[in-house]
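First up is the structure itself, then whatever we jot down about it.
Below, chain A is the first sequence line, B the second, and so on; all start at residue 1. Just so you know, these numbers come straight off a predicted model, no measurement behind them.
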Protein chains: 2
Amino acid sequence: MAECEHDHDGPEGLSGHHLSHALHDAEDRCVRAGERMTQPRRRALELLLEAGKPMKAYDLIEIFGEDGRPAKPPTVYRALDFLAKLGLAHRIESLNAYVACEMGERNHAAAFLICDCCGATEEVEPFAPEKVQAAASKSGYIIEAVTVEAHGRCGACAS
Amino acid sequence: MAECEHDHDGPEGLSGHHLSHALHDAEDRCVRAGERMTQPRRRALELLLEAGKPMKAYDLIEIFGEDGRPAKPPTVYRALDFLAKLGLAHRIESLNAYVACEMGERNHAAAFLICDCCGATEEVEPFAPEKVQAAASKSGYIIEAVTVEAHGRCGACAS
DNA sequence: AGCATCTCGATACATTATATCGGTATCACC
DNA sequence: GGTGATACCGATATAATGTATCGAGATGCT
Ligand SMILES: [Zn+2]
Ligand SMILES: [Zn+2]
Ligand SMILES: [Zn+2]
Ligand SMILES: [Zn+2]
């Protein structure tokens, strides 16, 4: 980021009834998963959907209150963790940022193309690293580095 | 991590002439790349190689000085950034940690299996996310989440 | 009602990372 | 062998990011 200043306004986020629908769908999904869509969780998702791009936790914290007052950090971090757990949002580790999931399916592997120049990001189908450039070039991307991080349990801990 | 307490001592890092050789190789590679292997860079790599596992920046900072005194944060972060740029080490974003590269080739896509229980990590060949479980099960790993983050330049910025 | 569990708000704190600046080393060139 | 450009370093200060903890309220179950 900030390496060049191409000023490209990408596609923006949701508003109006698109937003309402997305929130309603999320609530459904939440209920089906046996979880509660509480007020802070809904608000966090609303902000991510409105933004339509990755947001830093502290940027959300600043604008969290409906009344314009910032939230306390744990409130927002808890909500974001919840959304990520449910698959409604993803954390992008290399940006320390969070973004609403654009795919419907639950618990899918997440993959992102991230422009280091302008900050644009795109959620894409997961792919093998050696196929990244081919996949990315459909969007004109030139990839410089790919990282794959798979979390789980090792042989010893799984047993 | 810290979810269970299987106490498995994994393979450890380098020492003695294994360490010296690795450092010497790194210096060669550095020179061939037209870069300088300075004292702080060498020291950072030495610590990563000795550890043989991912290390937090501030853990390195604590033990950085040959004389037992800690380093200043920018010293270590600069060295780590350099090592990562050269492909001698990787940053593991989801752990905020750094590890010496176990593969020889330069600028390869990095992929890691990370045990959330004991913290064991393993650098592996990059793979397509849908093949992760198959690949990982060779080591007994059970994968719960995979993320792919590809950095580069978007169509607009590349042009 | 009584109890377990989940969730929240608040305070305080911990961890991780960077901006900046002045000085030194290194190198290319003349 | 001087001179300027660049890369690198050490130090100070501060910014950005993330958590531990605790008491109170909400929710669901029997
Ligand atoms: Zn997604
Ligand atoms: Zn871009
Ligand atoms: Zn590697
Ligand atoms: Zn383990």
Side-chain angles (χ1 to χ4, degrees), chain A residues 1-3 26-27 30-45 47-48 54-86 88-99 116 119 149, chain B residues 1-3 27 30-45 47-48 54-86 88-99 116 119:
Chain A
M1 195 115 63
E3 296 205 5
E27 179 141 14
C30 211
V31 170
R32 284 197 304 276
E35 303 280 359
R36 303 182 220 164
M37 177 55 85
T38 62
Q39 215 282 323
R41 291 167 179 180
R42 179 194 317 277
R43 176 61 174 157
L45 181 56
L47 289 173
L48 290 182
M55 296 288 282
K56 301 277 208 168
Y58 272 78
D59 290 340
L60 297 181
I61 286 169
E62 285 311 309
I63 61 176
F64 202 80
E66 310 274 6
D67 52 1
R69 288 211 312 276
K72 312 294 180 184
T75 300
V76 173
Y77 279 102
R78 285 193 285 231
L80 291 170
D81 288 349
F82 173 84
L83 295 175
K85 189 181 73 178
L86 240 70
L88 293 168
H90 299 289
R91 173 174 166 84
I92 301 182
E93 298 286 354
S94 54
L95 299 179
N96 292 341
Y98 302 81
V99 66
D116 292 326
E149 301 182 11
Chain B
M1 193 116 61
E3 296 206 5
E27 179 142 14
C30 212
V31 170
R32 284 196 305 276
E35 302 281 358
R36 305 182 219 163
M37 177 56 84
T38 63
Q39 215 282 323
R41 292 166 178 181
R42 180 195 314 278
R43 175 62 173 157
L45 182 55
L47 289 172
L48 290 182
M55 296 288 282
K56 302 279 209 167
Y58 272 79
D59 291 340
L60 298 180
I61 285 169
E62 284 311 309
I63 61 176
F64 202 81
E66 310 273 7
D67 53 0
R69 287 210 312 275
K72 312 292 181 186
T75 299
V76 172
Y77 278 102
R78 286 194 282 229
L80 290 171
D81 288 350
F82 173 84
L83 295 175
K85 189 181 73 178
L86 239 71
L88 292 168
H90 300 290
R91 173 175 166 85
I92 301 182
E93 298 285 355
S94 55
L95 299 179
N96 292 340
Y98 301 81
V99 66
D116 293 326

field: Gap separating the CG atom of A/L86 from the CZ atom of A/R32, nearest 0.5 angstrom
entry: 10.0 Å
- prompt: Between atom CD1 in A/I61 and atom P in C/dA10, what is the gap in whole Å?
  reply: 13 Å
- prompt: Can you find a donor-acceptor pair, distance only, under 3.5 Å between B/R78 side chain and D/dG10 base?
  reply: yes
query: A/N96 side chain N/O closer than 4.0 Å to the phosphate oxygens (OP1, OP2) of D/dA16?
result: no
message: Nearest to the side chain of B/Y77, heavy atoms from C-beta on, is which of C/dA19, C/dA17, D/dG18?
response: C/dA17
field: Residue A/E35, side-chain heavy atoms: nucleotide from C/dA17, D/dT19, C/dT7 that is nearest
entry: C/dT7
- request: Report yes if a side-chain nitrogen or oxygen of A/T38 is closer than 4.0 Å to either non-bridging phosphate oxygen (OP1 or OP2) of C/dC6; otherwise report no.
  value: no
query: Would you find a donor on one side and an acceptor on the other, under 3.5 Å apart, between the side chain of B/K56 and the backbone of B/L95?
result: yes
statement: To the nearest angstrom, the CG-C1' distance between A/D59 and D/dG18 comes to 15 Å
query: Closer than 4.0 Å, any side-chain N/O of B/K56 to the OP1 or OP2 of C/dT15?
result: no
field: Below 4.0 Å: OP1/OP2 of D/dG18 and any side-chain N or O of A/R91
entry: yes
message: Does a side-chain N or O of A/Y58 approach OP1 or OP2 of D/dA16 to a distance below 4.0 Å, or not?
response: no
- prompt: Roughly, in whole Å, what's the span from CE in A/M55 to P in D/dA16?
  reply: 15 Å
message: What is the separation between atom CZ on A/F64 and atom C1' on C/dG9, rounded to the nearest whole Å?
response: 12 Å
- prompt: B/Y98 has an atom OH; how far is it from atom P of C/dT15, in whole Å?
  reply: 16 Å
- line: Separation of D/dA16 atom C1' from A/E62 atom CD, nearest Å, is 12 Å
- prompt: Starting at the 5' end of DNA chain C, which residue's closest nucleotide do you reach first, A/F82 or A/P74?
  reply: A/F82
task: Check A/A79 against A/R41 and note the closest heavy-atom contact, atom names and distance.
output: CB-CA, 4.0 Å
query: Nearest 0.5 Å, what's the CD1-CG distance between A/I63 and A/L47?
result: 4.5 Å
field: Below 4.0 Å: OP1/OP2 of C/dT24 and any side-chain N or O of B/R36
entry: no
message: Any side-chain to backbone donor/acceptor pair from A/E149 onto B/E93? Under 3.5 Å, distance only.
response: yes
- prompt: Of the candidate nucleotides C/dT7, D/dC8, C/dA17, which contains the atom at the shortest distance from the side chain of B/R41?
  reply: D/dC8
- prompt: Reckon B/P40 touches a base, only the sugar-phosphate, or nothing at all at heavy-atom distances under 4.0 Å?
  reply: sugar-phosphate
- prompt: Would you say A/K72 reaches C/dC8's phosphate, i.e. side-chain N/O to OP1/OP2 under 4.0 Å?
  reply: no
Distance-minimising heavy-atom pair for A/L88 and A/L45: O-CD1, 4.1 Å
Distance in angstrom units between B/R42 CZ and D/dC8 C1', rounded: 15 Å
- prompt: In whole Å, what is the span from the CG atom of B/L80 to the P atom of D/dC9?
  reply: 12 Å
